[in-house]
Asker: 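Dropping a structure here in structure tokens format, bear with me for questions.
Side chains are part of it too, since the values below use all heavy atoms of this structure and drop only hydrogens, waters and symmetry mates. Residue numbers run from 1 in the order of the sequence given. Being a predicted model, the structure only gives us computed values, none of them experimental.
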Amino acid sequence: LQPGDEIIVSEMEHHSNIVPWQLACERTGAVLRVIPVTDDGQLDLEAFQRLLNERTRLVSVAHVSNALGTINPVRQVVELADAAGVPTLLDGAQAVPHQAVDVRDLGCTFYAFSGHKLFGPTGVGVLYGQREWLDRLPPWQGGGDMIREVRFPGTTFNEPPHKFEAGTPHIAGVIGLGAAIDYVEALGYDWIQAREQELLAYGTAALEPIPGLRLIGTAPNKAAVLSFVIDGLHPHDISTILDQEGVAVRAGHHCTQPLMERFGVPATTRASMAFYNTTAELDQLADALRKAVRLLGV
């Protein structure tokens with residue numbers, strides 16, 4: 001990266017796909033550019049095309065939004081970036097647990113996801129990279145098996161992926177992640193995706209009639225996430241009552257503060273579904289929300 005170079009992210013990114021690029025820009029003089037999000041929570045692809053130019057050095061976007069559930073058209077994003085000669089990084093943390101991902105089919109340069117979102121251990125994850133880029137990139141940490149030969153005048157590094165694995169790896173975490181991957185593959189992604197889409201449709205229909213409730217993120221292609229606000233109620237108050245009713249949700253900005261600002265809300269309440277959830281639990285969520293509305297006086 002050089003002064004004046006540009007990195008493109010989107011308005012819906014998790015902080016973990018914003019802050020590292022901000023730090024890189026501060027170090028190098030590069031500039032961060034942002035793809036806007038439409039009112040229903042989709043990437044504005046026309047705006048993205050306008051942002052791509054000869055100064056663009058990287059495009060890094062979420063495959064699936066953690067705050068909205070939007071499934072982004074990442075293949076199209078990659079194709080547009082490829083046409084401009086720009087490498088791509090996809091944040092797949094929210095995609096891999098819910099749908100099959102083929103990095104060769106997507107054509108992305110890099111793809112990353114975390115273990116704990118895939119029902120595995122914390123502190124472990126996966127970074128895929130195309131071989132030509134892994135060959136080009138220098139190591140970012142030193143020590144351990146990432147070296148081939150060490151002499152005081154200089155060191156030669158191992159072949160990828162080893163040259164990026166400094167020190168003792170998180171062996172137990174990797175074994176646990178492997179078991180989690182075996183688990184979801186045994187269930188089958190076709191079944192997982194179909195099941196979660198049924199839950200999304202059921203939950204959407206259950207929540208929409210609740211007085212004052214507004215869904216944040218209504219893209220036609222989305223994962224099983226119901227992120228919402230209720231007029232006059234703070235998301236933290238809502239989540240407290242839901243907790244008392246035995247319903248676990250998350251309330252807050254979901255590490256997506258720029259996205260919350262885009263929609264003009266301080267936070268949302270988010271119910272995230274997976275294949276193991278049931279329609280009865282969604283009924284319980286809706287009943288608890290009606291109770292919150294009654295108790296908090298909307």
Side-chain angles (χ1 to χ4, degrees), residues 10 12-14 37-45 61-78 90-103 105-106 108 111-120 180-210 213-230 242 247-251 254 256 259 263 268-290:
S10 87
M12 69 172 66
E13 298 309 311
H14 190 281
V37 171
T38 63
D39 289 344
D40 62 354
Q42 299 186 78
L43 290 182
D44 186 336
L45 289 179
V61 298
H63 192 165
V64 174
S65 167
N66 71 300
L68 306 177
T70 303
I71 301 174
N72 286 318
V74 289
R75 186 182 287 105
Q76 194 172 352
V77 170
V78 170
L90 300 181
D91 172 6
Q94 311 296 334
V96 169
H98 306 292
Q99 62 186 68
V101 173
D102 185 338
V103 291
D105 178 59
L106 293 176
C108 55
Y111 196 97
F113 66 89
S114 56
H116 68 286
K117 295 292 184 181
L118 191 63
F119 320 113
I181 292 171
D182 289 342
Y183 170 62
V184 295
E185 288 190 336
L187 291 173
Y189 273 110
D190 288 343
W191 178 82
I192 289 173
Q193 198 163 7
R195 172 63 179 163
E196 291 181 356
Q197 287 302 306
E198 290 174 3
L199 292 169
L200 176 62
Y202 188 95
T204 301
L207 265 57
E208 283 181 334
I210 294 172
L213 186 144
R214 176 166 59 98
L215 291 172
I216 304 295
T218 54
N221 189 24
K222 61 180 283 187
V225 169
L226 294 168
S227 192
F228 57 89
V229 294
I230 298 178
L242 293 182
V247 179
V249 296
R250 182 176 176 184
H254 315 294
T256 59
L259 185 63
F263 285 100
T268 68
T269 306
R270 186 189 67 191
S272 305
M273 293 160 280
F275 53 81
Y276 49 73
N277 289 119
T278 65
T279 56
E281 290 171 337
L282 288 167
D283 290 336
Q284 188 175 350
L285 168 64
D287 290 342
L289 286 171
R290 290 189 183 91

Asker: Enter the distance from Q42:CD to S65:OG here, rounded to the nearest 0.5 Å.
Answerer: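 Here the rounded value is 11.5 Å.
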Asker: Looking only at heavy atoms, what is the nearest atom pair of I210 and A286, with distance?
Answerer: CD1-O, 3.9 Å
Asker: Should L43 and M12 count as side-chain neighbours, where that means a heavy-atom distance under 4.5 Å?
Answerer: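 Yes; the side chains approach each other to less than 4.5 Å.
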Asker: Please tabulate, for the side chains in residues 66-73, all donor-acceptor contacts under 3.5 angstrom to protein atoms that are two or more places apart in sequence or on a different chain.
Answerer:
| unit_1 | atom_1 | unit_2 | atom_2 | d |
| --- | --- | --- | --- | --- |
| N66 | ND2 | H254 | O | 2.9 |
| T70 | OG1 | G41 | O | 2.7 |
| N72 | ND2 | A62 | O | 2.8 |

Asker: Check the angle between the aromatic planes of F275 and F119 and answer parallel, tilted or perpendicular using the 30° and 60° thresholds.
Answerer: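 Correct class here is perpendicular.
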Asker: Got more than 12 heavy atoms from elsewhere within 6.0 Å of CG, D190?
Answerer: no
Asker: Please enumerate all residues that pass side chain to side chain contact (heavy atoms under 4.5 Å, CB included) together with A288, with sequence neighbours excluded.
Answerer: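 Listed in chain order: L242, E245, V247.
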Asker: Do L282 and N277 have side chains that get closer than 4.5 Å, going by heavy atoms?
Answerer: no
Asker: Would a 4.5 Å heavy-atom cut-off, applied to side chains only, mark V225 and Q94 as touching?
Answerer: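 With C-beta onward as the side chain, the pair stays apart.
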Asker: Rounded to the nearest 0.5 Å, what separation is found between the CE atom of M273 and the OG1 atom of T279?
Answerer: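 OG1 of T279 is found 11.5 Å from CE of M273.
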Asker: Looking at Y189 and V184, would you say the former's side chain and the latter's main chain have a donor-acceptor pair under 3.5 Å?
Answerer: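 No.
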Asker: Flag the pair F113 / L90 as yes when at least one side-chain heavy-atom distance between them is below 4.5 Å, and no otherwise.
Answerer: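 A side-chain contact is absent here, since even the closest heavy-atom pair is not under 4.5 Å.
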Asker: Compare every heavy atom of F228 with every heavy atom of I230, then report the nearest pair and how far apart it is.
Answerer: CG1-CD1, 4.3 Å
Asker: Go through the structure and list residues passing side chain to side chain contact (heavy atoms under 4.5 Å, CB included) with D102, not counting sequence neighbours.
Answerer: R104, D105
Asker: Mind checking ring pair (Phe, Tyr, Trp, His ring centres under 6.0 Å) for Y111 and listing every partner two or more places apart, or none if nothing turns up?
Answerer: H63
Asker: Can you run down the side chain to side chain donor-acceptor pair (under 3.5 Å) pairs that involve residues 215-226, sequence neighbours left out, and say none if there aren't any?
Answerer: none
Asker: Quick one: closest heavy-atom pair of L213 and L207, and the distance?
Answerer: CD2-O, 3.7 Å
Asker: With rounding to the nearest 0.5 Å, note down the distance linking CG in L187 to OH in Y276.
Answerer: 12.0 Å
Asker: Going from OG1 on T256 to NE2 on H14, what distance comes out if it is rounded to the nearest 0.5 angstrom?
Answerer: 8.0 Å
Asker: Within the structure provided, determine whether L45 and Q76 are in side-chain contact (heavy-atom separation under 4.5 Å).
Answerer: yes
Asker: Quick one: CD on Q197 to CD1 on I192, what's the gap to the nearest 0.5 Å?
Answerer: 12.5 Å
Asker: Under the side chain to side chain donor-acceptor pair (under 3.5 Å) definition, can you give me all pairs with a residue in residues 199-208, not counting sequence neighbours?
Answerer: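 Of all non-adjacent pairs touching residues 199-208, those that pass side chain to side chain donor-acceptor pair (under 3.5 Å) are Y202-D283.
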